[in-house]
Amino acid sequence: MPRGYFITFEGPDGSGKTTQLRRLAAWLEADGHKVVTLRQPGGTSLGDRIRSILLDSQSEVTLGPIAPLAEMALMFADRAQAIDEIIRPALDAGAIVLCDRYTDSSEAYQGAGRGLGSERILAMHRAVCDDLDPDLTLLLLPSLEASLHRARRRNQRNARQKGADENRFEREDDSFYERIYHAYETIAEREPQRVEAIRDDATIEQIEQRIRQIVSLRIPAIVV
Ligand code: TYD
């Protein structure tokens, strides 16, 4: 059975992964590959509903505080639906799937950020993700200082834009982001085969080149 290739993009808020994902998708498509892109949470109809509950800062006004375990379970409900509806069928059809965030985000944000611990996240992954691990994870990890600076700038921008609805996660303090950052470092050390960490504060173009190099080293093995 043909099997495509599953690439996830990870990193703290504001690490530039969404821009890099779009650029990589365009580059792979120009090279004749079939590419499917999605982001988590979201991507399916169910996932978009879950996304608005999880990210909308107004949610807690109408629903009350969201318990960390409920937050984790909703992230995984979104993921299970995306696997069933989008990711698995695309891989079975031989596509390269580029996913903006996946289980590493849950490990970093809910596991470390919310303090639920990695074990619980990894057990949840085994239970609901149908054994689907990325073939490659591109982890964009600017320096901690740059990450915090970008996250703060985003918060201030959101606060200034009257009526703008900032992401619930973007209201957290520096220590939340520091825990996320260190969790990503731990994941990269634990799984060096899967995770390629791009650590510097290089320009968008330099990081794009680096990603192309990494992907083209792996692609010959995956062309179906
Ligand atoms: P989004 O606006 O897509 O941010 P970004 O461009 O940084 O990815 O919001 C996604 C948010 O959801 C982000 O703050 C991280 C958070 N998140 C989790 O906490 N756990 C998860 O499992 C996932 C997939 C995302």
Side-chain angles (χ1 to χ4, degrees), residues 5-24 39-41 54-55 68-69 71-72 75-76 78-79 97-126 128-129 132-155 167-215 217-218:
Y5 201 77
F6 184 27
I7 302 178
T8 58
F9 280 72
E10 291 284 354
D13 292 81
S15 55
K17 61 190 168 38
T18 308
T19 304
Q20 294 298 342
L21 185 151
R22 285 202 202 104
R23 290 186 176 212
L24 181 64
R39 68 172 175 185
Q40 294 195 344
L54 284 170
L55 266 58
L69 283 171
E71 182 179 275
M72 174 192 82
M75 291 291 180
F76 275 99
D78 162 72
R79 191 161 295 133
V97 175
L98 304 183
C99 190
D100 194 342
R101 298 193 178 282
Y102 193 65
T103 295
D104 295 329
S105 284
S106 300
E107 192 175 346
Y109 284 74
Q110 281 67 54
R114 302 283 191 227
L116 296 178
S118 287
E119 259 325 300
R120 208 192 301 244
I121 305 296
L122 297 177
M124 190 77 174
H125 176 78
R126 285 192 294 275
V128 306
C129 292
L132 187 63
D133 292 318
D135 297 298
L136 168 65
T137 295
L138 295 162
L139 170 60
L140 301 195
L141 211 51
S143 65
L144 178 58
E145 295 69 40
S147 296
L148 289 174
H149 180 68
R150 287 187 212 183
R152 274 191 223 118
R153 223 176 35 199
R154 222 202 246 194
N155 282 355
N167 172 339
R168 255 187 347 106
F169 293 95
E170 289 167 0
R171 294 179 314 189
E172 299 295 337
D173 60 16
D174 284 4
S175 65
F176 181 78
Y177 286 109
E178 280 173 24
R179 290 197 295 281
I180 287 166
Y181 190 91
H182 294 309
Y184 274 130
E185 287 185 313
T186 305
I187 293 168
E189 278 162 28
R190 185 184 69 206
E191 294 179 62
Q193 306 276 36
R194 169 176 70 86
V195 182
E196 291 271 7
I198 299 168
R199 288 177 178 279
D200 51 58
D201 294 317
T203 64
I204 291 178
E205 284 70 28
Q206 286 165 332
I207 292 176
E208 183 182 10
Q209 285 309 322
R210 178 100 184 77
I211 287 175
R212 286 184 183 182
Q213 280 165 4
I214 292 168
V215 171
L217 282 175
R218 304 221 184 193

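Note that the structure is a prediction, hence the values are computed from the model and not measured. Just so you know, these numbers use all the heavy atoms, side chains as well, and skip hydrogens, waters and symmetry mates.
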Can you tell me how far apart [atom1] ([X]) and [atom2] ([Y]) are? Round to the nearest 0.5 Å.
X      : Y      : atom1 : atom2 : result
Thr103 : Met124 : OG1   : CE    : 10.0 Å
Arg210 : Leu140 : CZ    : CG    : 11.0 Å
Asp135 : Phe6   : CG    : CZ    : 8.0 Å
Glu71  : Arg114 : CD    : CZ    : 4.0 Å
Ser15  : Tyr184 : OG    : OH    : 7.5 Å
Ile207 : Arg199 : CD1   : CZ    : 13.0 Å

Is there side-chain contact between [X] and [Y], with at least one heavy-atom pair below 4.5 Å?
X      : Y      : result
Thr18  : Phe9   : no
Arg218 : Tyr5   : yes
Ile214 : Ile198 : yes
Gln20  : Leu138 : no
Met75  : Pro41  : yes
Glu191 : Leu139 : no
Glu107 : Thr186 : no
Arg79  : Ser106 : yes

Check [X] against [Y] and note the closest heavy-atom contact, atom names and distance.
X      : Y      : result
Leu55  : Phe169 : CD1-CE1, 4.0 Å
Phe76  : Ile121 : CZ-O, 3.7 Å
Pro12  : Leu141 : CD-CD1, 3.9 Å
Pro142 : Ser147 : O-OG, 3.7 Å
Ala108 : Ala183 : CA-CB, 3.8 Å

Between [X] and [Y], is there a side-chain N and carboxylate O pair less than 4.0 Å apart?
X      : Y      : value
Asp100 : Lys17  : yes
Arg23  : Glu205 : yes
Asp78  : Arg101 : no
Arg179 : Glu172 : no

Sidechain-backbone polar pair: [X] side chain, [Y] backbone, donor-acceptor under 3.5 Å:
X      : Y      : result
Arg150 : Gly14  : yes
Asp173 : Phe176 : yes
Glu208 : Leu24  : no
Tyr102 : Glu10  : no

Exercise. Looking only at side chains, do Ser143 and Tyr181 share a donor and an acceptor under 3.5 Å apart?
Worked result: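 No, no side-chain donor-acceptor pair sits under 3.5 Å.
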Problem set entry | Passing option when Leu136 is tested against Thr8, Leu217, Ile7, Val195 for side chain to side chain contact (heavy atoms under 4.5 Å, CB included) |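 One option only clears the test, and that one is Ile7.
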